[in-house]
Asks: 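Just passing along the structure, written as structure tokens.
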Amino acid sequence: MRKILVTGGAGFIGSAVVRHIIEDTKDSVVVVDKLTYAGNLDSLSDVADNERYAFEQVDICNRSTLDEVFAKHQPDFVMHLAAESHVDRSIDGPSAFIETNIIGTYTLLEAARHYWMALDTVRKQAFRFHHISTDEVYGDLHGTDDLFTETTPYAPSSPYSASKASSDHLVRAWLRTYGFPTIVTNCSNNYGPYHFPEKLIPLMILNALEGKPLPVYGNGAQIRDWLFVEDHAKALYKVVTEGVIGETYNIGGHNERKNIEVVHTICQLLEELAPSKPAGVAKYEDLITYVTDRPGHDMRYAIDAGKIERELGWKPQETFESGMRKTVSWYLANQVWWQRVLDGSYARERIGLKSSL
Ligand SMILES: NC(=O)c1ccc[n+]([C@@H]2O[C@H](COP(=O)([O-])OP(=O)(O)OC[C@H]3O[C@@H](n4cnc5c(N)ncnc54)[C@H](O)[C@@H]3O)[C@@H](O)[C@H]2O)c1
């Protein structure tokens, strides 16, 4: 049985990774999470009582506390997902993105490297540091057929993607300079259960249910390659357990959709699954409202996920249609989860929560 240290494990993708490891494998997990606004312990309630699960409330910028976590938990692998992740927030206030995504990744790399150097030979050889990144580091595509591959040059557009690109470079430098055993993955847009309602898909679902406008940036023609979050979690576990040191794997869903198509899909699913609408709403689609585009908005992202399929045998199990149906159904069945996010109680209750360190 291995122990995996998952940073950002209370976030959207991190919590899916933790649920997958606890529910579908024999490995154990220690979550390291600062619990920013995006960290939600409610997303981990299904696994919180499991004896293979532990939680430490820690900021990855805090080196001395990270050293204590490594000494106490003795992990075999690190999966690094902690980040500031919302592009709009990075435009309004880039500082937290520089702190966590760049300084935090540097601090974590150094804590992990010093821990790794002191391991015995067998554990040292088996150790992996898996850095989870985004396809946004590649910038955007303007053609209709070209795809991001693992060798596409970096050309980030937003403070978010620039900070993630910086962290990817740090991770590669730690491999090359120190021989530290790193692997990087770059993934396309995720969607699914437990997604914080500032992101496109949950925002549209919840606004529609409340009869509020559905704000679509620009003309809604921006294209994203959508991946169901549980497929991503399985890919990440495969990479950390079977991936090759020094390699990069792109992960995508082969599901390119215009933003406006995504919003129409949500409206159609809601017509079927939640037909009794808020007062004054005839059709969910009537709520669609076009708003001023985001500055520097990337036009199209699309991933060539052939390498991870060929080399590690991973393929997404959900189509866009099946994943969206699961997602909309989940939000309809889990009103308590999102009400506690909307009214802030998910965050108020954890004030005073302390790490066991
Ligand atoms: N969401 C996507 O579509 C997507 C796609 C590709 C890659 N990614 C990457 O995957 C990772 C996870 O994304 P997500 O959507 O789950 O993000 P998220 O915003 O939902 O979660 C981030 C988590 O990190 C924690 N965190 C933030 N700053 C921290 C700090 N200084 N110390 C410790 N913990 C901290 C937060 O509390 C939260 O639990 C990120 O690195 C992101 O760049 C996301």
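Positions are given from 1, in the same order as the sequence printed here. Quick caveat, the model's predicted, so the values are computed rather than measured. Atoms within each ligand, like the ligands themselves, are counted from 1 in listed order.
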Asks: Starting from atom 21 (O) of ligand 1, locate the nearest protein heavy atom and write down its residue, its atom name and how far away it is, to 0.1 Å.
Replies: G11 CA, 3.4 Å
Asks: Hey, does D33 come in under 3.5 Å of ligand 1, counting only N/O atoms on both sides?
Replies: yes
Asks: Answer yes when K234 and E242 have at least one side-chain N-carboxylate O distance shorter than 4.0 Å, and no when they do not.
Replies: no
Asks: What protein heavy atom is closest to atom 17 (O) of ligand 1, reported as residue, atom name and distance in Å?
Replies: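 It is S85 OG, 3.3 Å.
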Asks: Looking only at distances, can you tell me whether any N or O atom of N40, backbone or side chain, sits closer than 3.5 Å to an N or O atom of ligand 1?
Replies: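 By distance alone, the answer is no.
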Asks: Is the closest N or O pair between D59 and ligand 1 shorter than 3.5 Å?
Replies: yes
Asks: Measure the distance from atom 22 (C) of ligand 1 to every protein heavy atom, then report the residue, atom name and distance (to 0.1 Å) of the closest one.
Replies: A83 O, 3.4 Å
Asks: Taking only non-hydrogen atoms of T7, do any sit less than 4.0 angstrom from ligand 1?
Replies: no
Asks: Go through ligand 1 atom by atom and flag the ones less than 4.0 Å from a non-hydrogen atom of T36.
Replies: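 Answer for ligand 1: 27 (C), 28 (N), 36 (C), 37 (O).
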Asks: So, Y160 and E84: side-chain donor and acceptor under 3.5 Å apart, yes or no?
Replies: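 No pair is found: no donor N or O on one side chain lies under 3.5 Å from an acceptor on the other.
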Asks: What distance separates H131 NE2 from L109 CG, expressed to the nearest 0.5 Å?
Replies: 8.0 Å
Asks: Kindly check if the number of other-residue, nucleotide or ligand heavy atoms within 6.0 Å of NZ (K315) is above 12?
Replies: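 Atom NZ in K315 is not packed in, count stays at 12 or less.
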Asks: Does A82, backbone or side chain, put an N or O under 3.5 Å from an N or O of ligand 1?
Replies: no
Asks: Please identify which atoms of ligand 1 are closer than 4.0 Å to at least one heavy atom of L35.
Replies: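 Every atom of ligand 1 under 4.0 Å from some heavy atom of L35: 37 (O).
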Asks: Mind telling me whether Y331 and W337 have parallel, tilted or perpendicular rings, with 30° and 60° as the class edges?
Replies: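 Geometry flag for Y331 against W337: perpendicular rings.
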Asks: Checking a contact table here: which protein heavy atom is nearest atom 13 (O) of ligand 1, and how many Å away?
Replies: I13 CD1, 3.7 Å
Asks: Centre-to-centre under 6.0 Å for Y154 and H169, is that the case here?
Replies: yes
Asks: Would you please indicate yes or no on a ring centroid separation below 6.0 angstrom for F127 and F77?
Replies: no
Asks: Below 4.0 Å from any atom of ligand 1, is there a heavy atom belonging to A96?
Replies: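 Judged by the 4.0 Å heavy-atom criterion, A96 does not count as contacting ligand 1.
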Asks: Does ligand 1 have any atom sitting under 4.0 Å from a heavy atom of Y191?
Replies: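 Y191: no contact with ligand 1 (<4.0 Å).
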Asks: Heavy-atom contacts with Y160 under 4.0 Å: which atoms of ligand 1 show up? List them by number with element.
Replies: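 Within the 4.0 Å cut-off of Y160, ligand 1 contributes 42 (C), 43 (O).
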Asks: Does a donor on one side chain sit under 3.5 Å from an acceptor on the other, for K199 and S85?
Replies: yes
Asks: State the atoms of ligand 1, each with its element, that fall below the 4.0 Å cut-off from a heavy-atom position in C187.
Replies: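 The atoms of ligand 1 under 4.0 Å from a heavy atom of C187 are 5 (C), 6 (C).
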Asks: Can you pull out every salt bridge (charged side-chain N to carboxylate O under 4.0 Å, His left out) where at least one residue sits in residues 88-101? Sequence neighbours excluded, please.
Replies: D88-R294, R89-E198
Asks: Return the closest protein heavy atom for atom 28 (N) of ligand 1 as residue, atom name and distance.
Replies: T100 CG2, 3.5 Å
Asks: So which heavy atom in the protein is nearest atom 11 (C) of ligand 1, and how far is it from that ligand atom?
Replies: L81 O, 3.2 Å
Asks: Assess the pair Y194 and W330: is the distance between their ring centroids shorter than 6.0 Å?
Replies: yes
Asks: Is the terminal nitrogen or CZ of R113 (NZ for Lys, CZ for Arg) located under 6.0 angstrom from the six-membered ring centre of F180 and within 45° of that ring's axis?
Replies: no
Asks: Which of the atoms of ligand 1 are close to K34, meaning less than 4.0 Å from one of its heavy atoms?
Replies: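 The atoms of ligand 1 under 4.0 Å from a heavy atom of K34 are 29 (C), 30 (C), 31 (N), 32 (N), 33 (C), 34 (N), 35 (C).
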Asks: For N334, give me all partners under side-chain hydrogen bond (donor to acceptor under 3.5 Å, both in side chains), at least two apart in sequence or on another chain.
Replies: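 Residues passing side-chain hydrogen bond (donor to acceptor under 3.5 Å, both in side chains) with N334: none at all.
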Asks: Just to confirm my output: which protein heavy-atom neighbour is closest to atom 41 (O) of ligand 1, and how far is it?
Replies: K164 NZ, 2.6 Å
Asks: Check ligand 1 against S133 and write out every atom of the ligand that is under 4.0 Å from a heavy-atom position of the residue.
Replies: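 Ligand 1 atoms under the 4.0 Å threshold to S133: 6 (C), 7 (C).
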Asks: How about P193 and F228: do any of their side-chain heavy atoms sit closer than 4.5 Å?
Replies: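 Yes; the side chains approach each other to less than 4.5 Å.
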Asks: Look at atom 3 (O) of ligand 1 and say which protein heavy atom is nearest, naming residue and atom and giving the distance to 0.1 Å.
Replies: N190 N, 2.8 Å
Asks: With atoms numbered from 1 as shown, which atoms in ligand 1 lie under 4.0 angstrom from a non-hydrogen atom of V58?
Replies: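 Here the atoms of ligand 1 in question are 32 (N), 33 (C).
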Asks: Any salt bridge linking E256 with R300? Criterion: basic side-chain nitrogen under 4.0 Å from a carboxylate oxygen.
Replies: yes
Asks: What are the atoms of ligand 1, with element, lying closer than 4.0 Å to any heavy atom of S188?
Replies: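 Listed by number with element, the hits are 5 (C), 6 (C).
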